[in-house]
Amino acid sequence: NMEEKLTVKTRDGQTWEIYVIMEFQVENYPDDYIAYTFGGKNGENVTSFISKMKEDNNTIILDSIQDPKEWTSVKKAFDELLKDGGELEC
């Protein structure tokens, strides 16, 4: 079981423990994105989340995606990656 667990901060300073599904980039957007869950990958009906990801002094900071157009592009890219078997590449 190779799931990667990360401790991250949110923009408002909260600390979260997340399980990484994948990190990815989206065409036409400069940011790095991360798809993650709070409960690990094993198990039914696990909700996944996607955030922008920035690094600051070795701390990973998650930021929400505000722009609806950006969100649509990010979601589409994520769905494509999953279809291509991306979720199996840990």
Side-chain angles (χ1 to χ4, degrees):
N1 191 359
M2 293 294 294
E3 55 186 39
E4 187 185 355
K5 203 171 172 184
L6 278 184
T7 300
V8 298
K9 280 205 184 306
T10 61
R11 211 169 30 156
D12 59 8
Q14 294 179 59
T15 301
W16 292 349
E17 266 205 350
I18 62 169
Y19 294 89
V20 179
I21 298 171
M22 72 172 79
E23 295 173 20
F24 60 101
Q25 267 122 9
V26 180
E27 209 179 332
N28 301 324
Y29 291 96
D31 295 298
D32 291 322
Y33 298 92
I34 183 167
Y36 58 95
T37 72
F38 291 107
K41 287 188 217 169
N42 306 335
E44 295 298 306
N45 302 323
V46 174
T47 304
S48 58
F49 300 89
I50 301 174
S51 295
K52 291 183 192 187
M53 181 175 74
K54 294 183 170 40
E55 250 188 272
D56 185 28
N57 293 330
N58 296 327
T59 302
I60 293 172
I61 297 165
L62 299 187
D63 203 355
S64 59
I65 300 164
Q66 305 289 343
D67 177 9
K69 219 155 91 180
E70 180 182 4
W71 173 249
T72 302
S73 299
V74 169
K75 183 86 179 77
K76 199 166 142 199
F78 178 64
D79 290 343
E80 289 295 314
L81 288 166
L82 285 185
K83 252 192 282 188
D84 295 341
E87 69 179 331
L88 302 176
E89 297 165 19
C90 295

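When reading the values below, keep in mind they use all heavy atoms of this one structure, side chains included, and skip hydrogens, waters and symmetry mates. One-based numbering along the sequence shown.
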### Task
Would you please name every residue forming a salt bridge (charged side-chain N to carboxylate O under 4.0 Å, His left out) with Lys54, sequence neighbours left out?
Asp31
### Query
Does a side-chain N-to-carboxylate-O contact under 4.0 Å join Asp79 and Lys83?
no
### Tyr36 and Trp16: CA distance, side-chain angles, deciding distance, side chain to side chain contact (heavy atoms under 4.5 Å, CB included) verdict
CA-CA 11 Å; Tyr36 58 95; Trp16 292 349; 3.8 Å; yes
### Query
Hey, are Lys9 and Thr59 close enough side-chain-wise for a donor-acceptor pair under 3.5 Å?
no
### Message
Side chains of Leu6 and Ile60, heavy atoms from C-beta outward: is any pair under 4.5 Å?
### Response
yes
### Shortest non-hydrogen contact between Glu70 and Tyr29, atoms and distance
CA-OH, 3.3 Å
#### Entry: Heavy atoms of other groups near Glu27 CD, more than 12 under 6.0 Å
no
### Message
Tell me if the CG atom of Asp12 is crowded by more than 12 foreign heavy atoms within 6.0 Å.
### Response
yes
### Query
Are Phe38 and Phe49 close enough that their ring centers fall under 6.0 Å?
yes
### Query
With sequence neighbours excluded, what pairs up with Trp71 under the ring-ring contact (aromatic ring centres under 6.0 Å, His included) test?
none
### Task
Please check if the side chain of Ser73 supplies one atom and the backbone of Lys69 the other of a donor-acceptor pair under 3.5 Å.
yes
### Query
Going only through I, L, V, M, F, W and Y residues with side-chain contacts under 4.5 Å, is there a path from Val8 to Ile61?
no
#### Entry: Distance-minimising heavy-atom pair for Ser64 and Lys52
O-CE, 4.2 Å
### Message
To check you understand the geometry: which heavy-atom pair defines the closest contact between Ser51 and Leu62, and what is its length?
### Response
CB-CB, 4.0 Å
### Query
Same cluster for Val26 and Leu81 if Ile/Leu/Val/Met/Phe/Trp/Tyr side chains link at under 4.5 Å?
yes
